[in-house]
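Just so we're clear, the structure is a prediction, and the values are computed from it rather than from any experiment.
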Amino acid sequence: NVKEYPYDPDEARRILDEAGWTVGSDGIREKNGVKLSFTCGVITGDQARRPEAELVQQYLREVGIDMQVREVPDASGGMRQGDLDAAVFNWTYGGDYADPDDGGTLRSDGGSNFSQFQNARVDELLDAGLREIDREKRIAIYHEIQEIIAEEVPFLFISYWDWYNIFSSKVKGLPESALVGDQIYAKAYQWWIEE
């Protein structure tokens, strides 16, 4: 139950107009002589994500924002080092191994904090979430983190892929659910085949 941002080009235009970004003769907004333009990196040869970036490019162009798409060898490294304005690549913001901790991507000094997001309150909450053993209190901590992320928008989810692991009904001992599909294999020693 956090803030959402529905696709609304008219609202985007209104916000940009209100912020002083006016549409130039080429259809791109500008303010104080600066074009509203940035570069988005996609991994070289990535035919799955480049079309996603090109679709976003079209959406942004509709409201007067110029997003250039550039192929780069390592989009995540470019983001981590601050060499790219934006990048499109797949990443899961959420904990692994069924734990909701996401310090690696949300903590100010997180090793996978590609968006270079920094928020002292989120850092405090991540620490508190790791220390807290009461399930309900932990839930409240992670809900507050989600609210802050939804409000500050350090990254945008532009698509969600459903991944499926399919097993024969003969395989028993599978968990009822898993946060990350490939993590299910860490528990493979608990499975058996029923003949």
Stepwise salt bridge (charged side-chain N to carboxylate O under 4.0 Å, His left out) check, Arg107 with Asp127 = CA-CA 9 Å; Arg107 184 179 304 285; Asp127 291 341; 2.9 Å; yes
Considering all heavy atoms of both residues, which atom of [X] and which atom of [Y] are nearest to each other, and what is their separation?
X      : Y      : value
Asp46  : Ala48  : OD1-N, 2.9 Å
Ala12  : Val63  : CB-CG1, 4.0 Å
Ser108 : Gln118 : OG-CA, 3.4 Å

State which residues pass salt bridge (charged side-chain N to carboxylate O under 4.0 Å, His left out) with Arg13; sequence neighbours excluded, sorted by chain then number.
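Arg13 satisfies salt bridge (charged side-chain N to carboxylate O under 4.0 Å, His left out) with Asp10 only.
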### Those residues that, when tested against Asp26, pass salt bridge (charged side-chain N to carboxylate O under 4.0 Å, His left out) (two or more places apart)
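With neighbours one apart ignored, the set is Lys35.
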Side-chain donor/acceptor of [X] to backbone N/O of [Y], under 3.5 Å:
X      : Y      : result
Lys170 : Phe167 : no
Arg29  : Ile65  : no
Glu132 : Asp134 : yes

Among the clusters formed by ILVMFWY side chains lying less than 4.5 Å apart, do Phe117 and Ile145 turn up in the same one?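 Shared cluster, yes.
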State yes or no: do Ile28 and Val56 share one hydrophobic cluster built from I, L, V, M, F, W and Y residues joined by side-chain heavy-atom distances below 4.5 Å, directly or via other members?
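Unlinked, Ile28 and Val56 end up in two clusters.
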What is the distance from atom [atom1] of [X] to atom [atom2] of [Y], rounded to the nearest 0.5 Å?
X      : Y      : atom1 : atom2 : answer
Leu36  : Lys31  : CG    : NZ    : 9.5 Å
Trp191 : Leu174 : CH2   : CG    : 5.5 Å
Arg138 : Leu125 : CZ    : CG    : 12.5 Å
Glu71  : Arg50  : CD    : CZ    : 5.0 Å
Lys172 : Gln190 : NZ    : CD    : 15.5 Å

Problem - Pair Arg121-Glu124, salt bridge (charged side-chain N to carboxylate O under 4.0 Å, His left out): steps then yes or no - result: CA-CA 5 Å; Arg121 179 63 181 153; Glu124 285 175 28; 3.0 Å; yes
Run the numbers on Leu126 and Val122 for side chain to side chain contact (heavy atoms under 4.5 Å, CB included), then give the verdict.
-> CA-CA 6 Å; Leu126 287 165; Val122 170; 3.9 Å; yes
Could you walk me through whether Ile193 and Glu195 pass the side chain to side chain contact (heavy atoms under 4.5 Å, CB included) check? CA-CA 6 Å; Ile193 295 178; Glu195 295 295 328; 3.5 Å; yes
Contacts table for residues 146-155: side-chain donor-acceptor under 3.5 angstrom, sequence neighbours left out:
residue, atom, partner, partner atom, Å
Glu152, OE1, Asn119, ND2, 3.4
Glu152, OE2, Asn119, ND2, 2.8

Acceptor/donor pairs from residues 18-25 side chains to any protein atom, 3.5 angstrom cut, sequence neighbours excluded:
residue, atom, partner, partner atom, Å
Glu18, OE1, Arg14, NH1, 2.9
Thr22, OG1, Glu30, O, 3.4

I'd like to check Leu106 versus Asn113 (side-chain heavy atoms, cut-off strictly below 4.5 Å). Are they in contact?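 In short, these two side chains do not touch, never coming nearer than 4.5 Å.
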Listed pairs under 3.5 Å, donor-acceptor, residues 37-44 side chains, sequence neighbours left out:
residue, atom, partner, partner atom, Å
Ser37, OG, Asp66, O, 3.4
Ser37, OG, Asp66, OD2, 2.7
Thr44, OG1, Val72, O, 3.0

Residues that Tyr7 engages under ring-ring contact (aromatic ring centres under 6.0 Å, His included), provided they are two or more places apart: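 For Tyr7 the ring-ring contact (aromatic ring centres under 6.0 Å, His included) partners, ignoring immediate neighbours, are Tyr59.
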